[in-house]
Amino acid sequence: MKIFITCLFIQLFFITGLSHAEFNDSGVALIEDLSANSYVQYFTEDIHGNYLVSYGSKISGDDFIGVIKFNSEGELDTSFGLSGFSGVSDHCGDDMAELGHILMTNNGTRPLVMGFGPYFLPGYRHQVFLAQFLENGLINNLANTTSHAFAAFPENCSSGGINGGVAKVDAYQEMSDTNENLVDANFMLDADGNILVFGMSKVYGYRGLYRESYILTISKLDGTLGAADTSFGADGTGHVELQVRTWTYPSSIALQSDGKILVGGSAINRSGGYYYFIARLTAEGILDESFGELNPDGSRTGIIEKSSGGSSNDIISHLFPSSGSDGSLYAFGVHDGVGKFTLFKFKENGSVDHSFGVNGMVHYDDFSMEYSGRSFKSINNHIVKHPATDSFYIINEADDDVVVTKIDSDGSIDSLFGEGLGKVVVDISGDEKEDEVDDALINKDGYLVILGEVEDAHYLLRLNLTTGAVVSSE
């Protein structure tokens with residue numbers, strides 16, 4: 001099914017400000033026309049079904065991050081912040097030049113946005129920030145709330161910014177002038193609303209190594225106040241460090257229903273061998289000895305690592321615990337030297353589920369793969385899992401269109417989705433104009449919602465999970 005939205009194609013040239021349009025008959029809401037110095041990247045949904053979109057911008061030389069709010073039908077909520085926008089910049093004297101994910105904290109009422117960028121000391125490292133906004137769009141600091149201000153403690157800012165609202169995260173605890181803190185960082189929330197921040201840190205001389213290496217770091221913060229949870233990890237700092245190989249590049253984090261933490265990515269040893277890895281930690285931040293490769297004593301290492309040999313890019317890019325009761329695990333990535341997008345399935349203890357596909361894997365020919373930086377951490381496919389089943393929706397860009405493919409729990413493409421091909425193809429802006437995908441989620445009403453951009457505008461696209469049909473406003 002290919003949809004040409006010609007009315008939107010014309011409308012793009014006449015948008016001069018923010019669009020208040022609902023989802024039209026083609027299931028699309030054009031949501032904004034940001035300036036050339038602004039961009040959106042991720043979005044989430046609050047408890048009322050509104051959409052909170054993270055955005056970054058540069059105004060008068062300042063980099064800042066913020067939130068734009070739209071209601072459940074794609075209309076700008078002008079009661080939020082300043083006419084629908086809220087932002088923060090220059091916390092502790094440091095610009096937040098890059099934008100990370102956005103999630104809802106405090107029972108789905110307060111958006112939390114990650115920003116990170118250069119933090120200049122005698123050397124150079126990355127600094128990670130988490131900014132929390134109130135339900136009305138104001139930054140959650142002591143000036144705007146009478147209780148539970150976020151990160152309102154003096155040690156949070158070396159410059160003495162004690163009003164709060166933004167937390168700094170120093171995940172690697174042995175920082176020196178030549179180390180970098182939390183490159184490629186991201187975060188998620190646990191079942192209690194606490195914040196788990198993960199990423200890789202570039203370090204020199206780590207544990208006696210004579211040259212640089214990359215390690216996986218995970219930090220846990222209280223979701224209400226933003227303070228480090230010192231019960232997490234073994235050393236009382238609230239941080240966990242893990243080195244799988246010399247260069248360890250995490251790309252995905254997920255939580256099991258029992259609170260255990262799964263982290264996946266890629267790793268390279270000093271001789272150039274490539275591996276994918278999955279590590280499982282307990283809720284307390286300790287490697288889980290019931291998961292991973294077997295030790296001689298019958299315990300397990302807490303880590304799976306596999307290599308297809310040579311210089312192949314072995315990667316785990318997305319992790320999804322099964323919705324079933326057997327504790328199994330699905331993962332997307334690349335393996336087996338075929339250079340193809342792959343779905344893996346593992347048993348509860350981390351061993352390969354050989355009943356799935358061939359040797360626990362199903363390979364696909366139809367998905368483009370673009371790697372992000374030397375970490376090879378990102379494959380250019382957005383994937384969401386059905387909340388009640390082990391079905392997956394892969395959203396990518398192909399031939400300048402938005403393409404959605406549904407994958408069933410056995411790894412097969414669902415031929416009932418779309419028009420018999422298991423795919424829905426949507427041309428948002430017209431032929432020969434690129435439709436980009438930024439993020440996707442399944443909303444509380446059970447629709448697949450996609451955030452993306454077309455030329456100078458951005459869009460929300462809404463689809464039925466079963467048929468792939470577009471969903472317009474009621």
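What's counted below: heavy atoms across the whole structure, side chains too, no hydrogens, waters or symmetry copies.
To the nearest 0.5 angstrom, Ile68 atom CD1 is 10.0 Å from Leu52 atom CG. In this structure, CG in Leu448 is found 8.0 Å from CG in Leu441, a value given to the nearest 0.5 Å. Here OG of Ser72 is found 8.5 Å from CG of Asn443. Values are rounded to the nearest 0.5 Å. Between the CZ atom of Phe198 and the OG atom of Ser252 there is a distance of 6.0 Å, given to the nearest 0.5 Å. Asn136 CG to Arg110 CZ: the interatomic distance, rounded to the nearest 0.5 Å, is 9.5 Å. For the atom pair CD1 of Ile428 and CD of Glu436, the computed distance is 12.5 Å after rounding to the nearest 0.5 Å.
For Asp190, the salt bridge (Lys or Arg N to Asp or Glu O under 4.0 Å) partners at least two apart in sequence or on another chain are Lys220. Take Glu284 and apply the side-chain hydrogen bond (donor to acceptor under 3.5 Å, both in side chains) test, not counting sequence neighbours, and it matches Thr282. In this structure, the side chain to side chain contact (heavy atoms under 4.5 Å, CB included) partners of Asp258, at least two apart in sequence or on a different chain, are Gln256, Lys260. For His386, the side chain to side chain contact (heavy atoms under 4.5 Å, CB included) partners are Ala388, Thr389, Ser391, Tyr393, Leu465, not counting sequence neighbours. In this structure, the side-chain hydrogen bond (donor to acceptor under 3.5 Å, both in side chains) partners of Thr105, at least two apart in sequence or on a different chain, are Gln132. Applying the salt bridge (Lys or Arg N to Asp or Glu O under 4.0 Å) criterion to Asp414, with sequence neighbours excluded, gives Lys406. Every residue two or more places apart in sequence or in another chain was checked for a salt bridge (Lys or Arg N to Asp or Glu O under 4.0 Å) with Lys306, and none qualifies. Annotation: side-chain hydrogen bond (donor to acceptor under 3.5 Å, both in side chains) contacts of Ser231 (sequence neighbours excluded): Asp229. For Asn71, the side-chain hydrogen bond (donor to acceptor under 3.5 Å, both in side chains) partners are Glu75, not counting sequence neighbours. With sequence neighbours excluded, no residue forms a salt bridge (Lys or Arg N to Asp or Glu O under 4.0 Å) with Glu135. When the side chain to side chain contact (heavy atoms under 4.5 Å, CB included) test is applied to Ser86, the partners found at least two apart in sequence or on another chain are Phe80, Phe133. With sequence neighbours left out, Ser409 forms a side chain to side chain contact (heavy atoms under 4.5 Å, CB included) with Tyr330, Asp390.
Contact between Pro321 and Leu262 at its shortest, heavy atoms only, is CG-CD1, 4.0 Å. Contact detail for Met188 and Ile253: the closest heavy-atom pair is SD-CG2, 3.7 Å. The two residues Val424 and Gly418 make their nearest non-hydrogen contact at CG2-CA, 3.8 Å. The shortest heavy-atom contact between Val362 and Gly411 is CG1-O, 3.7 Å. The shortest heavy-atom contact between Ile395 and Val402 is CG2-CG1, 4.1 Å. Residues Leu319 and Val263 come closest through the heavy atom pair CD1-C, 3.6 Å.
Although no hydrogens or angles enter the test, the distance criterion places no donor-acceptor pair under 3.5 Å between the side chain of Arg280 and the main chain of Asp288.
Looking at heavy atoms from C-beta onward, Ile218 lies out of side-chain contact with Val197 at the 4.5 angstrom threshold. Looking at heavy atoms from C-beta onward, Val449 lies out of side-chain contact with Glu45 at the 4.5 angstrom threshold. No side-chain heavy atom of Ile315 sits under 4.5 Å from any side-chain heavy atom of Tyr249. Using a 4.5 Å heavy-atom cutoff, the side chains of Tyr364 and Ile394 are not in contact. Side chains of Ile413 and Ile407 form a contact here, defined as non-hydrogen atoms less than 4.5 Å apart. No side-chain heavy atom of Ile450 sits less than 4.5 Å from a side-chain heavy atom of Val426. Side-chain atoms of Val437 and Tyr459, non-hydrogen and from C-beta on, do get closer than 4.5 Å to each other. Contact check for Asp222 versus Asn194: side-chain heavy atoms found under the 4.5 Å cut-off.
Note: Phe332 and His318 have perpendicular aromatic rings, judged against thresholds of 30 and 60 degrees for the angle between ring planes.
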Check against side-chain contact (heavy atoms from CB on, under 4.5 Å), Asn140 and Asn106: CA-CA 12 Å; Asn140 183 19; Asn106 291 74; 5.8 Å; no
Test log, rule side chain to side chain donor-acceptor pair (under 3.5 Å), inputs Lys345 and Ser322: CA-CA 9 Å; Lys345 189 176 182 183; Ser322 170; 5.9 Å; no
Given side-chain contact (heavy atoms from CB on, under 4.5 Å), test Met114 with His101 step by step and report yes or no. CA-CA 6 Å; Met114 172 177 282; His101 273 289; 5.6 Å; no
Val404 vs Phe417, test: side-chain contact (heavy atoms from CB on, under 4.5 Å). Steps then yes/no. CA-CA 9 Å; Val404 182; Phe417 186 75; 4.0 Å; yes
Would you check, one step at a time, whether the test side-chain contact (heavy atoms from CB on, under 4.5 Å) holds for Leu112 with Phe150? CA-CA 10 Å; Leu112 183 71; Phe150 186 73; 3.9 Å; yes
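Within 6.0 Å of the CD1 atom in Ile286, the count of heavy atoms belonging to other residues, nucleotides or ligands exceeds 12.
When ring centroids are compared, Phe344 and Tyr276 come within the 6.0 Å threshold.
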